[in-house]
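Naming convention: chains lettered A, B, ... in sequence-line order (proteins, then strands); numbering from 1 in each chain. Basis for what follows: all heavy atoms, side chains included, without hydrogens, waters or symmetry-related copies.
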Protein chains: 2
Amino acid sequence: MSETPIKRPGGRSARVRAAVLDATLAELTGRGYDGLTVEAVAVRSGVHKATLYRRWGGVDGLVADVLSRSAGQPWQVPDTGSLRDDLRAITHEVYAGFTDPGHGVTPRNVILAALRSPQGRQALTAFFEARHGQAAAVVTRSVARGETPDGTDGADVVRTACAPLYYRLFVTGEPLDEPAAHRAAEAALAAARAGVFVPRRPGREDGSGDAR
Amino acid sequence: MSETPIKRPGGRSARVRAAVLDATLAELTGRGYDGLTVEAVAVRSGVHKATLYRRWGGVDGLVADVLSRSAGQPWQVPDTGSLRDDLRAITHEVYAGFTDPGHGVTPRNVILAALRSPQGRQALTAFFEARHGQAAAVVTRSVARGETPDGTDGADVVRTACAPLYYRLFVTGEPLDEPAAHRAAEAALAAARAGVFVPRRPGREDGSGDAR
DNA sequence: ATACTAATGCGATTCGCATCGCGTTAGCGG
DNA sequence: CCGCTAACGCGATGCGAATCGCATTAGTAT
């Protein structure tokens, strides 16, 4: 979609792309998301400026393509045997990915850069759609085990678990720590058990009754 | 903080600020968050370009100050008598604020513009801190009514209710509709009832037990 | 009222990113 | 092995944002 159809994928174009995207990531790591410049990427990658503008259109396209490449690489969905631990593993992974010094500030800067343009946000949408789709499996398995109400929307459970983390990280700017990540997983779990994510079911749709 | 200390608030500076911030909002409404330009704001507001650079430093400062002004204006926290309806009112208000044609795309563009710079995000943090602090009152009242476990962290309940909306709107780019907003409120409610937001309490911290 | 000075108005200049036309290289088909 | 052309390299140019020094206006104090 954001990918220009390459008619000669034979070696060079692929090499150029890899070099450029790696350089983009490196720049994003070093100078941050607002210091990202086409010229800097050109210098670092050894690819000429004009080529970058031709193939990617500008900084936005570079960031979007970085995300596309990330979305392509598959991802290991946790499978611990219980929904609670699966959700905790997911939120912990998100937490670690954005706070561990190992990864550095790179993932954060990639997202921040993507948020700056419609093109980047479109790539973000695709990225999260892929992730949510895969992660929903933890709910599917939980339903199969009888842990969770039938018909629970798996993607929605995952969304609810992850949303507070991204909300803190990218919207409110509040600090994100491990307890907060755990609480988010617990909240999604409690809501899933209560049947909040079962569509159409009148269920506990109403009533001020005690759910505890 | 982002506010240059004005030593002569007597009329003119205030008028200039109002005109500039209004013009910024108008530009944000019209050309969108990435078309926002200091020059355009200068022309529209009738204030000279150099003044804008001097007092606000650039586009980032303008957006930040718009948010500061918004954060200043107080806000009516719902008080329906039940936590469920209060939370629903809050999420519905967020939903409506970003999707109603009445408000237009302005609020969305303000947030998007603020996300683009550290300065803007700092203003966002302050904005949400104020909002969350006020909104936490709905939980305080609910605890007083005995509806919700003692010691529940009100701000965290509100965060959990709002997070999925902002997550969809600004991170994943998924569509936001009324059912989704209601589900977010229900999820936060279920989690609050389950005692997820009570710190320190061992409570239901463990166990695969039934919470329904 | 009248100095005083903070705040703004004004235009020129600088600076850096984006874009263009043309020459060169390298992957592809025969 | 040899043409063919897509893809890239290269430098020049255009364009708009950001910044500067100085002139002018308008609050403020006395």
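A salt bridge does not link D65(B) with R55(B): every distance from a Lys NZ or Arg NE/NH1/NH2 to an Asp or Glu carboxylate oxygen is 4.0 Å or more. A salt bridge links E186(A) and R84(A); the closest N-O separation between the charged side-chain nitrogens and carboxylate oxygens is under 4.0 Å. Here R159(B) pairs with D156(B) in a salt bridge; the nearest charged N to carboxylate O distance falls below 4.0 Å. Taking 4.0 Å as the cut-off between side-chain N and carboxylate O, R69(B) and D22(B) count as a salt-bridged pair. The existence of a salt bridge linking D34(A) and R116(A) is excluded, since no basic side-chain nitrogen approaches an acidic carboxylate oxygen closer than 4.0 Å.
Rounded to an integer number of Å, the gap from NE2 of H48(A) to C1' of dC17(C) is 13 Å. We find that CG of L52(A) is positioned 13 Å from P of dT19(C), with the value rounded to whole Å. Put simply, CH2 on W56(A) is 18 Å from C1' on dC17(C), counting in whole angstrom units. If you take CZ of R15(B) and C1' of dA26(D), they are 9 Å apart, rounded to a whole angstrom.
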Scan nucleotides 13-18 of chain D against the protein and return all N/O pairs shorter than 3.5 Å with their distances rounded to 0.1 Å.
{"residue": "dA18(D)", "atom": "OP2", "partner": "Y53(B)", "partner atom": "OH", "Å": "2.2"}
{"residue": "dA18(D)", "atom": "O5'", "partner": "Y53(B)", "partner atom": "OH", "Å": "3.1"}

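The aromatic rings of H132(A) and Y167(B) sit tilted, their planes meeting at an angle between 30° and 60°. Ring-plane geometry between F170(A) and F98(A) is classed as perpendicular, the angle between the planes exceeding 60 degrees on a 0 to 90 degree scale with a lower cut at 30.
Taking a 4.0 Å limit (strictly below) on heavy-atom distances, residues 19-36 of chain B does not reach DNA chain D anywhere.
For H92(B), the ring pair (Phe, Tyr, Trp, His ring centres under 6.0 Å) test picks out Y95(B), with sequence neighbours left out.
Residue-to-nucleotide contacts include a donor-acceptor pair under 3.5 Å from the side chain of R54(A) to the base of dG9(D).
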